[in-house]
Structures are given as C-alpha cells and as structure tokens.
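Lettering of chains follows the sequences in order, A, B, ..., and the numbering in each one begins at 1.
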2 protein chains.
Amino acid sequence: MGSADGTRKGQSIAEIVADRAQVSRAAVSRAFNPKAPLRADKRALVLQIAEELSYVPNMAGRALATQRSHLVGVIVPHVCSPWEGIEIDALTTALQARGFATLLFKTQIDRSLDPKLLSYMRAYNPDSVVVFTENVPPDQLHRAFDQAVPVYVDYPDEATDPGPPPESAMNRFDCLRVLQRDGIEQAVALLSGFGRRRIAYLAGHPKAQANVARLRTLQQVLAARGLPPAAVIEGDFSYQRGYDATLELFRAGPGAEAIFAANDVSAFGALDALRHSLGLRVPDAVSVVGFDDIDQAAWRSYDLTTIKIDVEERVAALVRLILQRLQHRTAPPLTETIRTKLVVRGTVG
Amino acid sequence: MGSADGTRKGQSIAEIVADRAQVSRAAVSRAFNPKAPLRADKRALVLQIAEELSYVPNMAGRALATQRSHLVGVIVPHVCSPWEGIEIDALTTALQARGFATLLFKTQIDRSLDPKLLSYMRAYNPDSVVVFTENVPPDQLHRAFDQAVPVYVDYPDEATDPGPPPESAMNRFDCLRVLQRDGIEQAVALLSGFGRRRIAYLAGHPKAQANVARLRTLQQVLAARGLPPAAVIEGDFSYQRGYDATLELFRAGPGAEAIFAANDVSAFGALDALRHSLGLRVPDAVSVVGFDDIDQAAWRSYDLTTIKIDVEERVAALVRLILQRLQHRTAPPLTETIRTKLVVRGTVG
DNA sequence: TTGTATGCGTTATCAC
DNA sequence: GTGATAACGCATACAA
C-alpha cells in the first residue's frame, strides 16, 4: 500500500515517480518518449517530478526493450594520434547532440586486431560501429556484425574515374569513401610549378590502406604530368621514423627536391631532420608536403603545406550514414564520398 | 519441439546454443561466468558452440541482471588535446584489458558543463565515472551520482605538507591527487641554477584547478628560495594564446628571463614567438619550461624541458580506484596520490 | 489518451 | 552440479 507521500518500500525510482505523479508506470515511460501518446500536462508533471528525483530512464532497460543501445562503437589504434583524436572529438560531439554515446575501443599498436575485440564490442550491441583502423579483416568484421551495422572508412584506388566501389567482402557495409586525388593533384601542380621533379614519398604504415592509396594516386598523377615516379621511403606515420628516414635519404641516399609525406606527423619529422640535422633550408633546398592538416601544421615552427581532409565534412558524412542505417536497417549499403584539397603554407616554394 | 539440428523457431541465440549443447539456458550463462559452478567439459562445449555461432552474452541484459554495466564514463573538454588524448588512450587500454569499455562524453569548449550531460551519462549506468574536466560543479556531480561512483582528479594546494584532503562536497568521491610540487621545485632549482630570476608564468585556463594549483605552488617555491614572485600572463592552455601572450610580454611588457608555461602546448607557442617573431634565442636569452611532457615536447623543433606527469602511473592509480570501488561499493572515499618530476631537455640553460 | 500485461537477454535464487 | 523461475528496467501491443 502507498504511504502518505505516495511511496512504498521495494519500489523502483520509476515507480516512485509514477506514484507521485498519480499515473501508471507506463505513463512515466511515455513521458520520456516525445512521440508516445500522453496528455501534455501529465507529461510535464512526470518530467518535473523525475527532475526533482533526478530520475532518468535506464539505457540498459531501454536497449533491451527497443533493441537500440544508443551506443556507437569506435575502434582506433591510437586515441592520442592527432588526426584520430580530432576525428573522435568531432564525432563524439556530433553523436552526443543526437542522443548517442561513443563507445571507445583500442586495437594493438601494430594495428593488428585482436579477434576477440569485435565480439567483445558486439556484446554492447552498438547501434553502429565506425571502423577507423584500416586492417580490420573484412571477414572478421562480417562475422561479428552480420547486419550492415558497421561504417567502414575506405580510401579507394582512383586509377581512373572513381566509379562505384568494387565488389568485395567489405562492400556489404556502409562506407565513407575518401577521394584523395584532388589534393594530391594540387600538391603536385604546386611542386611542379616550383620546378621540383625528384620527389620522394615518405610512406605511412605499409599495411594502411590510406597509405597505399596515397602512394598509388601520387604515382598516377606524376605519370600523367610526365614527371618521374616518386622514390618510396619506408615509414610508419610516426615522427621518429619520418626524422630517421629523411636522414638516411640525404646522407646515404640520393636525396630529393621534395618530400611528400603520408601524414603531417611524419612530415614534421622530415622537416626537423632537414633543418636541424642536415642544415637544409625549407623550402629553398627541399620542399615538403604533408597530409591531414592537423592543428600543429599551422604552428610557426612547421608552417606545413599539407593536404586537408575536412574533419567536419567527414564526420557529418559518417553521422549521415549512421542515422540513415538506423532508419532503414535493411536498405542496401550506402556510400558517402568526401574529397581533399591542398592547404598552402610555407614549406613549398 | 526441436528440429533435427536442435533448433526451433522464435528462439534466441542463447537458447539455440543451449539446445545444441544439450544443456539448459542457465548453463550457457554459467559457461560465460568463470566463477559460476559448471562442469568443465560442459563449459568447454558451450563456449565452443557459442564461438561457432558467434554468440556473446548481451551486456544490456547482463547489466540489468547484475547491476554492473562494465562501462566507465569519461568526460573531457577535448579528446584531441594532446594530454587528454594520451590519458584516454592509456585508460581505455587498461580498462579494456579488465573487461570494461570506455564511454566518452564531451563538455563544451569553454569547459562549462551542460547540466544535462551528467543525467545523460547516468542513463547508461556506468560502473564508474572519471571526471577530467576540472570545473564539474561538485553539487551537480553529487546529485547525479549519489553513490561514490565518480573518480575525481584533484590538484590540491600544497602550501605545506599535503596532509589529508580538505572537507568539501567533492570529498565524498574517490580522488586522484596530483602533487605538482616536486616537479616545480626541480624546475625552479634548475632555472635558479642558471641565474634566472625574473620568471613569467604563462597561465592556463583561469578556472582550471590544475592551472591555479600550478601557479600557487610556483609562487610558494619561488618565495621559499627568496626569488621574486612570477609575473602572471593570462592564457588558456592553447598554442595561439601562448604565442600571442609571449609577443605582448616582450613587445609591450617587461619581458622575462624565463617562461614557465602551464602546459606544453602553450610553451610551444611561447617558443615559436621567441624564436621566430622576437628573434630571441632559447635558452640563451630566455629559458622555457612546460608542463605535461607530451610526445611533441621531445620533437627536435621544441626539445622542451618540462614537468612530467607519468601517464602510466596516473592511469594505474585511476584503475586501482575504479576497481577498489567496485569491490567495496560502500567503503569510505579512497585517495590515490601521484607526483611529478622534471624532464630536462634543451630549453633551459 | 490511459492502464495492464508481456517480452527484451541475462543472472541469482532456489530447489533438486 | 544442474535446471526451472523470478527479477532487473524499460517500451509497447492490446484492451479499455
């Protein structure tokens, strides 16, 4: 039986709210669901009492009842890597505004995916999964998420016209395609305009699709302009490797008129090696181009000319994919496409 | 009735696993709970069949039944801020290894907390909450989480002996205390040893507790050595503000013999202003000390002498607090303490 | 519009 | 050690 203030022992908070508002437990649920039918004044009353008792509907219960966790899983190798940090930042903000929370998972440093990680993540039943890491084995991803839940970030080969994505296991999922050709063409045009012909490509991690696609597109663009192909220096996206590789290139190797780096961070390593260890002036002796346009690229010590991937645009596309998929769970795989462009600063000239 | 392969229509995956293994639904649950009683061979069989069917227990259901979400909420203003990125990175790795997932939330850029954010997060019923942001109003935090769930990161005033934390609303929560005095004393000793007396403090965000504590401790340490107090330059932890503030200090202001920055990123701004705009040599004309020891501090262009907060140690302490609290939910608030130390590089001399 | 009853997937309790 | 059953907190089909 209810006591004087309308509470009983053993009640859940939701039931207390219901009692206090003189409504059923179901009405409390409806009050928090804007599209559920409930008289406006009752809804207001329930929400007010809930506010007083600081009651909020439990997401686990809601997830069980609705099959929607309001969770978006994200897998990254390094949260602290500048580019990934920025993207997680923007993505979390955008998702939070739409009532989703970001569930973060880390892969190993060598970008090899623990096979258990996907099952582990699937236990949380995320509404969507964004796979940043580029070597999540497609079959593993497919086994873990048989529906078209994941969003995959793809850097397609742009040999000719991008066209539709090729048939592959990966292709059963929604996909964000990053076309890198525009920025690379602009960068090559700029380098070419300053008479640079001997270009070295400071590679990223050899298994990274972004790296492979960047290199291939660069070679295509150079060939199309009648320029010699770029010499490839092995790298791994890191500052230290960019630094060391540049020392090797100029001390033991043939050097270069321009360095095209797979990302900004390794470009910084190259810049520091050129200026502080090799005593070469940038851009007078050697030009440098990066990739990403992270904040640090604008810092005075680097002032790096770089190919920009617009984070806001990229995240907006991801969010579109996620929301579309949630609205139409069985629709065929969706594709969003974004492009790149060159940001000109002081390391080419 | 079961069909030939032991499956029926309308069954949940867990029930299919149970049928295939010729056991009850409860046995399947037990198989995934190492401490639950179940014959070893049955457990192995269930796990094998589950593996084949890629079944994993649903966390939402488990959370409902056990009141444990295996979720740890983290609130940060910027994921991409280098220091916070590193910490989230390490924390996620450590938690993941222990069966928890990181649930990420972002505050506004001005570090003001949306009051709804805490309720919003509470809906997910995280087992613990790590509050990085330093201006989460204690009363809000307390209203949202009445149990001692949150872990709060505190930068206490170290006027004399640290002693026990003062009584405050915040004090009802578990707490990680970061004692900054050691590193600051070492930095001041180094600066003093090189004859620097006129020190400027390039501040962080004025509301940030870390910033306030750093400044106060710095002044105490200077006073204890009979050195003049530091001049305070307003800042906000950002590169740009560090850059601009340094220009102002040396162009319109009295300059300084050393700049003590509230974090590494603003120290980079100060360094770039000194070297590239003011034409002052570091460390010959001006010494610079940072705070955090992020990766970039070791890069050649900066080579920053800085006060290190050991991330691994800090995260280990956080994890200890989280696990302790989970084991003894009603125990009195716990406190872990970590210290700082100076990392000597090339910007002081 | 509103309340009642049921199910979501899991674990804990209780008998056996 | 094992299986049936209730309970976790919520949303919704259905009946009113």
Side-chain angles (χ1 to χ4, degrees), chain A residues 2 8-47 50 53-71 99 119-120 122-127, chain B residues 2 8-47 50 53-71 99 119-120 122-127:
Chain A
R8 279 179 301 134
K9 287 185 81 171
Q11 269 182 319
S12 71
I13 309 184
E15 284 165 341
I16 298 180
V17 173
D19 279 9
R20 286 260 251 269
Q22 312 264 32
V23 297
S24 71
R25 174 67 189 81
V28 175
S29 174
R30 286 194 254 263
F32 280 92
N33 216 320
K35 46 197 176 290
L38 187 64
R39 246 174 49 209
D41 57 335
K42 280 200 179 184
R43 166 167 286 136
L45 178 60
V46 169
L47 289 179
L53 275 55
S54 71
Y55 163 78
V56 278
N58 180 318
M59 280 295 186
R62 174 175 289 185
L64 228 44
T66 61
Q67 306 289 36
R68 287 240 183 301
S69 62
H70 290 257
L71 252 28
S119 324
Y120 182 44
R122 196 166 61 111
Y124 290 93
N125 204 24
D127 289 338
Chain B
R8 280 180 301 136
K9 287 186 80 172
Q11 269 183 320
S12 70
I13 308 183
E15 283 164 343
I16 298 178
V17 173
D19 280 8
R20 286 259 250 270
Q22 312 264 32
V23 297
S24 70
R25 175 66 189 82
V28 175
S29 174
R30 285 194 255 263
F32 281 93
N33 216 321
K35 47 197 177 286
L38 186 65
R39 246 174 47 206
D41 58 333
K42 278 201 180 184
R43 165 166 289 135
L45 178 61
V46 169
L47 290 178
L53 274 55
S54 70
Y55 162 78
V56 277
N58 181 318
M59 280 294 186
R62 174 177 288 185
L64 227 45
T66 60
Q67 307 290 35
R68 287 241 183 300
S69 62
H70 290 258
L71 251 29
S119 323
Y120 182 45
R122 197 166 61 111
Y124 290 93
N125 204 25
D127 289 337

- prompt: How long is the span from the CE atom in B/Met59 to the OG atom in A/Ser69, to the nearest 0.5 Å?
  reply: 12.5 Å
N/O (side chain, A/Gln67) to phosphate O (OP1/OP2, C/dG9) under 4.0 Å: yes
task: With heavy atoms under 4.0 Å as the rule, sort A/Leu38 into base, sugar-phosphate or nothing.
output: sugar-phosphate
- request: Please work out if B/Tyr55 contacts a base, only the sugar-phosphate, or nothing of the nucleic acid, heavy-atom cut-off 4.0 Å.
  value: sugar-phosphate
- prompt: Nearest of C/dT10, C/dG3, C/dA12 to any side-chain atom of A/Ser24?
  reply: C/dG3
task: Check for a donor-acceptor pair, side chain of A/Tyr120 on one end and backbone N or O of B/Val56 on the other, with a separation under 3.5 Å.
output: no
- prompt: Which nucleotide, D/dT2, D/dC10, C/dG9, lies nearest any side-chain atom of B/Lys42?
  reply: D/dT2
task: Tell me what A/Ala27 touches on the nucleic acid: a base, only sugar-phosphate, or nothing, going by heavy atoms under 4.0 Å.
output: sugar-phosphate
message: Any base atoms under 4.0 Å from A/Ser29, or only sugar-phosphate, or nothing? Heavy atoms, all strands.
response: base
query: Any donor-acceptor pair under 3.5 Å linking the side chain of B/Asn33 with the backbone of B/Ala36?
result: no
task: Report the distance from atom OH of A/Tyr124 to atom C1' of C/dT10, rounded to the nearest whole Å.
output: 14 Å
- prompt: CG of B/Leu64 versus P of C/dG7: gap in Å, rounded?
  reply: 16 Å
query: 5'-most contact on DNA chain D: B/Thr66 or B/Ala40, nearest heavy atom basis?
result: B/Ala40
message: Nearest heavy atom decides the nucleotide; on that basis, is B/Val23 or B/Gly61 closer to the 5' end of DNA chain D?
response: B/Val23
- request: Quick one: label A/Val56 by what it contacts on the DNA or RNA (base, sugar-phosphate, nothing), any heavy atom closer than 4.0 Å.
  value: sugar-phosphate
message: I'd like to check B/Val23 versus B/Val28 (side-chain heavy atoms, cut-off strictly below 4.5 Å). Are they in contact?
response: yes
Nucleotide nearest A/Arg39 (side chain, heavy atoms from C-beta), chosen from C/dT2, C/dG9, C/dT4: C/dT2
message: Counting the atoms with a prime plus P, OP1 and OP2 as sugar-phosphate, which does A/Ala60 contact under 4.0 Å by heavy atoms, base, sugar-phosphate, or nothing?
response: nothing
- prompt: Hey, does the side chain of A/Arg43 reach the backbone of A/Pro37 with a donor-acceptor pair shorter than 3.5 angstrom?
  reply: no
query: Once you round it to whole Å, what is the distance between C1' of D/dC10 and CD1 of A/Ile13?
result: 14 Å
task: Measure from CD on A/Glu15 to C1' on C/dT4 and round the result to the nearest Å.
output: 14 Å
- prompt: Looking only at side-chain N and O atoms, does B/Arg62 come under 4.0 Å of OP1 or OP2 in C/dG9?
  reply: no
- prompt: Can you check the A/Gln11 CD to D/dA7 C1' distance for me, whole Å?
  reply: 16 Å
task: Identify which nucleotide among C/dT10, D/dC10, D/dA4 has an atom closest to any side-chain atom of B/Asn58, counting heavy atoms from C-beta outward.
output: C/dT10
query: Under 4.0 Å: is that the gap between some side-chain N or O of A/Asn33 and OP1 or OP2 of D/dT12?
result: yes
- prompt: How many Å lie between CG on B/Asn125 and C1' on C/dT10, as a whole number?
  reply: 15 Å
- prompt: Taking the side chain from A/Arg68 and the backbone from A/Arg62, do they hold a donor-acceptor pair closer than 3.5 Å?
  reply: no
Rounded distance (Å) that lies between atom C1' of C/dT11 and atom CE of B/Met59: 13 Å
task: For D/dT12, take OP1 and OP2 only and decide whether either is under 4.0 Å from a side-chain N or O of A/Arg30.
output: no
task: Measure from the side chain of A/Pro57, starting at C-beta and using heavy atoms only, and say which of C/dG9, C/dG3, D/dC10 lies closest.
output: D/dC10
- line: Bend of the helix from C/dT1-D/dA16 to C/dC16-D/dG1 from end-axis comparison, five pairs per end, nearest 10°, comes to 40°
- prompt: Does A/Arg25 put a side-chain nitrogen or oxygen below 4.0 Å from OP1 or OP2 of D/dC10?
  reply: yes
query: Under 4.0 angstrom, heavy atoms only, what part of the nucleic acid is B/Pro37 near: base, sugar-phosphate, or nothing?
result: base
query: Heavy atoms, side chains only, cut-off 4.5 Å: are A/Tyr55 and A/Ile16 in contact?
result: no
message: With rounding to the nearest 0.5 angstrom, report the CZ to CG distance, B/Arg20 to B/Leu45.
response: 11.0 Å
- prompt: Is any side-chain heavy atom of B/Asn125 less than 4.5 Å from a side-chain heavy atom of B/Leu71?
  reply: no
query: Can you find a donor-acceptor pair, distance only, under 3.5 Å between B/Arg43 side chain and D/dG1 base?
result: no
message: Between P on D/dT2 and CG on B/Leu45, what's the gap in Å once rounded to a whole number?
response: 12 Å
